[in-house]
**Student:** 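This is the structure I want to talk about, given as structure tokens.
In what follows, residues are counted from 1 in the order of the sequence shown.
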Amino acid sequence: ELTDAVEEAPEPEPDWDFKLTLGFGIAQGNSDNANFFSSFLATYETDVSKFVGQAAYFYSEDSGESSENSAFVAARQDWNLDEKWIFFADARGDYDMFKSWRYRVQGHVGVGYRLIDEDDFRLTPRIGIGASK
């Protein structure tokens, strides 16, 4: 006797999504300018949470003098409370050679609401508390 039972394949585990961006520019005229930009983004999403990590570096020179030299590393973890609401925690570290603070760290926790959650557009306003040093 044949049965109509169909075995479902297990749902695949979510994968990491990585993006690397590099940019470089040179301009010559009254002064010589050069700039460099790099960014790395890593995302991991499951049914219950989402992690986003990012790092970037910026460097510019104007006539041989450094005019920008900065970088940051940031991470955010979202936990789904239900279909629309999330709880989040994030941290960020900054370096900027031309700011009075040179190094800065920040952290925040709070809630967010998925106002728009389409494949090609997402909008999640967040509110919370944080600290910066």
**Student:** Report the residue from Asn80, Thr124, Asp82 that forms a side chain to side chain donor-acceptor pair (under 3.5 Å) with Arg114.
**Tutor:**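 Of the listed residues Asn80, Thr124, Asp82, the side chain to side chain donor-acceptor pair (under 3.5 Å) partner of Arg114 is Asn80.
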
**Student:** Mind running side chain to side chain contact (heavy atoms under 4.5 Å, CB included) on Ser70 and Phe98 for me, showing each step along the way?
**Tutor:** CA-CA 8 Å; Ser70 64; Phe98 296 102; over 6 Å; no

**Student:** Is Phe37 close to Ser39 at the side-chain level, that is, under 4.5 Å between some pair of heavy atoms?
**Tutor:**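 Result yes, sub-4.5 Å side-chain heavy-atom pair found.
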
**Student:** Under 4.5 Å between any side-chain heavy atoms of Ser67 and Glu61, yes or no?
**Tutor:**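 With C-beta onward as the side chain, the pair stays apart.
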
**Student:** I'd like to know if Tyr44 and Phe40 are part of one continuous hydrophobic network [Ile/Leu/Val/Met/Phe/Trp/Tyr, side-chain heavy atoms within less than 4.5 Å].
**Tutor:**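 Cluster IDs for Phe40 and Tyr44 match.
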
**Student:** Are Ile129 and Leu81 connected, step by step, through hydrophobic side chains (Ile, Leu, Val, Met, Phe, Trp, Tyr) whose heavy atoms are closer than 4.5 Å?
**Tutor:**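 As far as the 4.5 Å side-chain criterion goes, Leu81 and Ile129 are connected within one cluster.
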
**Student:** Could you measure the distance from the CZ atom of Phe18 to the OG1 atom of Thr43? Nearest 0.5 Å is fine.
**Tutor:**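 One gets 9.0 Å once the value is rounded to the nearest 0.5 Å.
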
**Student:** I'd like to know if the side chain of Asp90 and the backbone of Ala75 have a donor-acceptor N/O pair within less than 3.5 Å.
**Tutor:**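 Such a contact is absent between Asp90 side chain and Ala75 backbone.
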
**Student:** Can we say Glu45 and Arg122 salt-bridge, meaning some charged N sits less than 4.0 Å from an Asp/Glu carboxylate O?
**Tutor:**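 Answer for the salt bridge query: yes.
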
**Student:** How many angstroms lie between atom CG of Asn33 and atom OG of Ser60, to the nearest 0.5 angstrom?
**Tutor:**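 Here the interatomic distance stands at 8.0 Å.
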
**Student:** Do the numbers put Arg76 on top of the ring of Phe51, so that NZ or CZ is under 6.0 Å from the six-membered ring centre and no more than 45° off the axis?
**Tutor:**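 Cation-pi check for Arg76 and Phe51: fails.
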
**Student:** Is it possible for you to say whether Ile86 and Val111 belong to one hydrophobic cluster, with membership spreading through side-chain heavy-atom contacts below 4.5 Å?
**Tutor:**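 Different clusters: Ile86 never reaches Val111 through Ile, Leu, Val, Met, Phe, Trp or Tyr contacts under 4.5 Å.
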
**Student:** In the single-linkage hydrophobic clustering (I, L, V, M, F, W, Y; side-chain heavy atoms under 4.5 Å), do Phe88 and Trp85 co-cluster?
**Tutor:**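 They do not share one cluster, since no chain of ILVMFWY contacts under 4.5 Å joins Phe88 to Trp85.
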
**Student:** Evaluate the side-chain proximity of Phe58 to Phe72: yes if any heavy-atom separation is below 4.5 Å, no if none is.
**Tutor:**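 In contact.
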
**Student:** Roughly how far, to the nearest 0.5 Å, is OG of Ser132 from NE2 of His108?
**Tutor:**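 Answer rounded to 0.5 Å: 7.0 Å.
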
**Student:** Tell me, with the steps shown, if Leu22 and Phe24 meet side chain to side chain contact (heavy atoms under 4.5 Å, CB included).
**Tutor:** CA-CA 7 Å; Leu22 299 172; Phe24 184 79; over 6 Å; no

**Student:** Which value, rounded to the nearest 0.5 Å, describes the distance between Ser49 atom OG and Trp79 atom CH2?
**Tutor:**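 One gets 8.0 Å once the value is rounded to the nearest 0.5 Å.
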
**Student:** How many angstroms lie between atom CG of Leu123 and atom CD1 of Ile116, to the nearest 0.5 angstrom?
**Tutor:**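 Interatomic distance, Leu123 CG to Ile116 CD1, rounded to 0.5 Å: 5.0 Å.
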
**Student:** Is the closest basic N to carboxylate O distance between Arg126 and Asp78 below 4.0 Å?
**Tutor:**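 Yes, charged N to carboxylate O under 4.0 Å.
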
**Student:** Within the 4.5 Å heavy-atom criterion, are Trp101 and Asp96 side-chain neighbours or not?
**Tutor:**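 Result yes, sub-4.5 Å side-chain heavy-atom pair found.
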
**Student:** Is the count of non-hydrogen atoms from other residues, nucleotides or ligands lying under 6.0 Å from Lys99 atom NZ greater than 12?
**Tutor:**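 Atom NZ in Lys99 is not packed in, count stays at 12 or less.
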
**Student:** Which atoms form the tightest heavy-atom contact between Leu41 and Gln54, and what is the distance?
**Tutor:**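 Smallest interatomic distance, heavy atoms only, reads CD1-CB, 4.0 Å.
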
**Student:** Output yes when Asp94 and Arg104 qualify as a salt bridge under the 4.0 Å nitrogen-oxygen rule, no when they do not.
**Tutor:**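 Yes, Asp94 and Arg104 are salt-bridged.
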
**Student:** If hydrophobic clusters are built by linking Ile, Leu, Val, Met, Phe, Trp and Tyr wherever their side-chain heavy atoms come under 4.5 Å apart, do Tyr57 and Ile26 end up in the same one?
**Tutor:**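 Tyr57 and Ile26: one cluster.
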
**Student:** Are Tyr59 and Phe36 near enough that their ring centres are under 6.0 Å apart?
**Tutor:**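 Ring centroids of Tyr59 and Phe36 are no less than 6.0 Å from each other.
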
**Student:** With a 4.5 Å heavy-atom cut-off, do Asn69 and Tyr95 have their side chains touching?
**Tutor:**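 Answer yes - side chains close enough.
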
